[in-house]
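Numbering of ligands and ligand atoms starts at 1, following listing order.
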Amino acid sequence: MEPRKNSATSALYAVKAADLVGCRYRLRQRVEHPEVGPTSEGVARISRVQAAREKVMSLLPQRPAIGDGRRRAFRRTDLTGPDTELATLEALFDQDHVITGAQLSGWVDGAYVTSEIDVLVRQEDGTYLPVMISNHRVARPSATSTMRYIATHRLGLGQALEARAQQRHHTIDGYRAALAHLLLDQMGLGCPEAAVIGQERERAYLAAVAPYVEAVREALVQPTPTEPRRLKQCATCRFWTLCEPELRAVDEISLVFPGERARVFRDKGIHTVQGAIAAGIGEPSAVARAWRDGVPVLSRVETTSAPRADVEIDIDMEAYLDQGAYLWGAYDGIEYRAFVLWDEVGGEVEAQNFAEFWTWLMDRRQAAYDAGQTFAAYCYAAGGENHWLLSSARRFGVVSEAEIKAFIASDEWIDIFAYVRKQFVGPDGLGLKVVAPVAGYDWEDDIDGEASIALRRAGRLGDLAAREMLLRYNEDDCRATRAVREFLDANAPGVPRI
Ligand code: SF4
């Protein structure tokens, strides 16, 4: 199969922007195995994208506003029929002002590409601005930077405005815009900017498309790989059931060392797991051996340890996308407490919930001090918690940022993952889901990121079972963190030493 030289009439063979980001072998699998449908996470993601599109479509203008004057020319075309490409060309030919659901295909640098363009907006000079709808946050507030945007309800009618914001780059959004630009440019309709409507549905943020165009062109001339290589994204890829046997058949080294981690071996001419085991190069060889033997964790040290305190609280936070933290769970060894909101995040209710959590935590600390006891709060991989502690302080002002910073920097806030990473190594990483079972802890439910988003949505609509499951899952995360700490403190019985 050679996708880049196949029939220009077959949409199946056309390269999409998503084929150029991350695993390049996926294109080959997509072409050769059209029967493999998306995973359940993929289906959930598609439905979220669809919901985003529907929301934006409802915001786009249907006609000029009163202030635009009655003579203002404006024509919006929504393409929903079967031959979208032909309809897109017709709408472009007709010089429609806003075209939604557009699609263009063509040859770019020897590759046949296709681009689904959520919205095309005619510019005064006759070119078209491609607008992509994304579930990413595409801009964040900034005191020092500005970005230009057009209000979604004024696309095709209004001028760009300026906002104090800084662009957040998402490669896939940029590549989608770049492919659209390249195809428009071939018709003399390419404009130097593109826009992305992210989580803030009311704004289409503008950015130069040139940097992404260059990257896309570089990606397009790369040949499609003929064999899979395991990457991080394989864990959520629909083709894993096809790729895994291929990788195992050749004992491919990326099974143990995904992505760039295999480079050090490949540079030495080692391409198999067996080769890595036989190389006798210390820890990497031991990890390869552990993978072969089904051993999840090895210890790097003779004696493992974790800091303890008289009063210990294990904390886990759940956020909804990057919109806000809706659950702060805490387990003190006896009781689990959940500070949770089922309303929308980002407003007064989240502020109050955060304040209650923080006050409770600080009260527990003060009570420990008053009793002459030491105090520590723990979490596993503190990145998310630290982000939302600081962000909550900044957004709501109910706790000072300085107070949060001092707490994060203190010896009373302990990231157990950092201790695990220093002392353990494992062929499947050292996530809580890998390490806690070794410490004898199992979760009642198995919920991944997409499922938790779906549960949160159901919980918000009043589904009590979904709420209960999310709380149970959060409690399990808190208890699992405690189990790992105690396991380290007990010198990790049963874990082989390297
Ligand atoms: S399973 Fe991995 S190697 Fe295979 S197509 Fe998906 S991401 Fe690529």
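- Residue-level proximity to ligand 1 for Arg230 is absent, since no heavy atom of it falls below 4.0 angstrom.
- Atom 6 (Fe) of ligand 1 lies under 2.8 Å from an N, O or S atom belonging to Cys237.
- Every atom of ligand 1 is numbered from 1 in the order shown, and the set under 4.0 Å from a heavy atom of Arg229 is 3 (S).
- In the vicinity of Gln233, heavy-atom distances shorter than 4.0 Å reach the ligand 1 atoms 7 (S).
- Tested against Asp19, the residues Arg24, Arg30, Arg26 include a single side chain to side chain donor-acceptor pair (under 3.5 Å) partner, Arg30.
- In terms of protein heavy-atom proximity, atom 2 (Fe) of ligand 1 is closest to Cys234 SG, 2.3 Å.
- Looking at Gln423, its side chain does come within 3.5 Å of a backbone N or O of Ser305 through a donor-acceptor pair.
- Below 4.0 Å from some heavy atom of Cys243 lie the following atoms of ligand 1, by number and element: 1 (S), 3 (S), 4 (Fe), 5 (S).
- A salt bridge links Glu252 with Arg266: the distance from a Lys NZ or Arg NE/NH1/NH2 to an Asp or Glu carboxylate oxygen falls below 4.0 Å.
- Using bins of under 30°, 30° to 60° and over 60° for the plane-to-plane angle, the ring pair His170/His136 lands in the parallel bin.
- Residue Trp240 approaches ligand 1 through these ligand atoms, each under 4.0 Å from one of its heavy atoms: 1 (S).
- Side chain of Arg479 to backbone of Tyr441: no donor-acceptor contact under 3.5 angstrom is found.
- Side chain of Arg300 to main chain of Val425: no donor-acceptor pair is present (N/O by atom type, distance under 3.5 Å, no hydrogens or angles).
- Counting the atoms of ligand 1 from 1 in the order shown, those under 4.0 Å from a heavy atom of Cys23 are 3 (S), 5 (S), 7 (S), 8 (Fe).
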